[in-house]
Amino acid sequence: MFITFEGPDGCGKSTILKEVYEKLIDLDISAIKTREPGGTRISEELRNIILDENNKELTAVTESLLMAASRSQHVEELIIPAINEKKIVLCDRFVISSLVYQGYARDLGIDKILKLNEFATLGTKPDMILFFDVTEENLLSRRKKRNTSDRLEKEELNFHKKVYKGYNYIKEKFQDDENFYIVDANKGISEITSYCISIILDNYRR
Ligand code: TYD
């Protein structure tokens with residue numbers, strides 16, 4: 001089973017992914033956790049280029065291609081083999097992130113980025129997309145508590161506002177898809193984790 005965690009910076013998806021992973025391992029379910037951009041040696045090298053705050057001249061198109069290149073290597077080298085070994089793959093960000101950041105916020109167009117990613121992923125689709133839905137207010141207050149800052153996080157407030165609008169747009173567009181699950185990320189860590197575990201086990205046992 002291939003499960004992706006999607007949502008804006010600061011929505012809590014990385015924390016919950018780790019909690020879910022530990023719970024699955026406790027239950028003796030074979031699982032791996034990985035992230036994008038990154039996940040393999042080559043993809044992590046691409047991640048460093050993408051997030052390096054010195055790379056200010058990186059164009060939007062190049063950014064989208066590097067994200068897709070990183071993803072493609074990740075899918076073929078790690079994700080597909082793990083799925084074939086019947087592992088549960090928990091992935092921090094996937095195609096939805098590119099649709100929102102590159103397609104919507106960078107104005108490259110959702111459909112174009114979708115096509116690029118169909119090529120990059122060899123058509124690999126998540127069995128479950130966990131969409132972390134959080135109010136803009138909660139997001140801003142959570143972000144204030146962090147002190148990380150990569151090239152994308154250093155973008156101006158307008159960009160982050162556009163990213164947030166992009167997530168809402170994507171939610172409207174995909175909410176009826178059978179693999180799309182909206183997670184109320186305004187709740188506390190243990191409540192969100194329990195909810196994610198319950199829907200994952202429902203699917204896993206089916
Ligand atoms: P992430 O690792 O989630 O950030 P952090 O470790 O700081 O929580 O993602 C890094 C950044 O890359 C994030 O700002 C979102 C962005 N991104 C895209 O723009 N497009 C993509 O396709 C992906 C996967 C990430």
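We count ligands from 1, going down the list as the structure has it; atoms in each ligand are counted the same way.
- Under a 4.0 angstrom heavy-atom cut-off, Lys13 registers as being in contact with ligand 1.
- Leu99 is not listed as a side-chain neighbour of Tyr169, based on a closest heavy-atom distance of 4.5 Å or more.
- Inspection of the Arg71 and Asn117 side chains reveals an N or O donor paired with an N or O acceptor under 3.5 Å.
- Using a distance-only test at 3.5 Å, with no hydrogens or angles considered, a donor-acceptor pair links the side chain of Glu44 to the main chain of Gly39.
- The distance from ligand 1 to the heavy atoms of Glu36 drops below 4.0 Å at these ligand atoms: 24 (C).
- The shortest separation from a heavy atom of Ser14 to ligand 1 is not under 4.0 Å, leaving the residue out of contact.
- Nearest to atom 22 (O) of ligand 1 among the protein's heavy atoms is Ser98 OG, 2.5 Å.
- Using a cut-off of 4.0 Å between Lys/Arg side-chain N and Asp/Glu carboxylate O, Asp92 and Lys33 are scored as not salt-bridged.
- Scanning the protein for heavy atoms near atom 3 (O) of ligand 1, the closest one is Arg93 NE, 2.6 Å.
- The two residues Ala31 and Tyr21 make their nearest non-hydrogen contact at O-CE1, 3.3 Å.
- Atom 7 (O) of ligand 1 has Glu153 OE2, 2.8 Å as its closest protein atom, hydrogens excluded (heavy atom only).
- Against a heavy-atom cut-off of under 4.0 Å, Ser97 is close to the following atoms of ligand 1: 20 (N), 21 (C), 22 (O), 23 (C), 24 (C).
- Here the two rings, on Phe174 and Phe131, have centers that are 6.0 Å apart or farther.
- Considering only non-hydrogen atoms, atom 20 (N) of ligand 1 lies nearest to Gln102 out of Gln102, Arg71, Glu6, His74.
- Residues Asp107 and Lys162 are in side-chain contact: their nearest non-hydrogen atoms beyond the backbone lie under 4.5 Å apart.
- Between Tyr101 and Tyr167, the ring-plane angle classifies as perpendicular under the 30° and 60° cut-offs.
- Of the protein's non-hydrogen atoms, Leu152 CD1, 3.5 Å is the one closest to atom 12 (O) of ligand 1.
- Close approach of ligand 1 to Asp150 is summarised as follows: ligand atoms under 4.0 Å from at least one heavy atom of the residue are 7 (O).
- The nearest protein atom to atom 18 (C) of ligand 1, hydrogens excluded, is given as Met67 CE, 3.1 Å; this is a heavy-atom distance.
- With a 4.0 Å heavy-atom cut-off, ligand 1 is reached by no atom of Ile50.
- Between His74 and Cys91 the shortest side-chain heavy-atom distance falls below 4.5 Å.
- By the criterion of a heavy-atom distance under 4.0 Å, the side chain of Arg47, and not its backbone, is placed next to ligand 1.
- Contact annotation for Asp9 and ligand 1: only side-chain heavy atoms (C-beta onward) come within less than 4.0 Å of the ligand.
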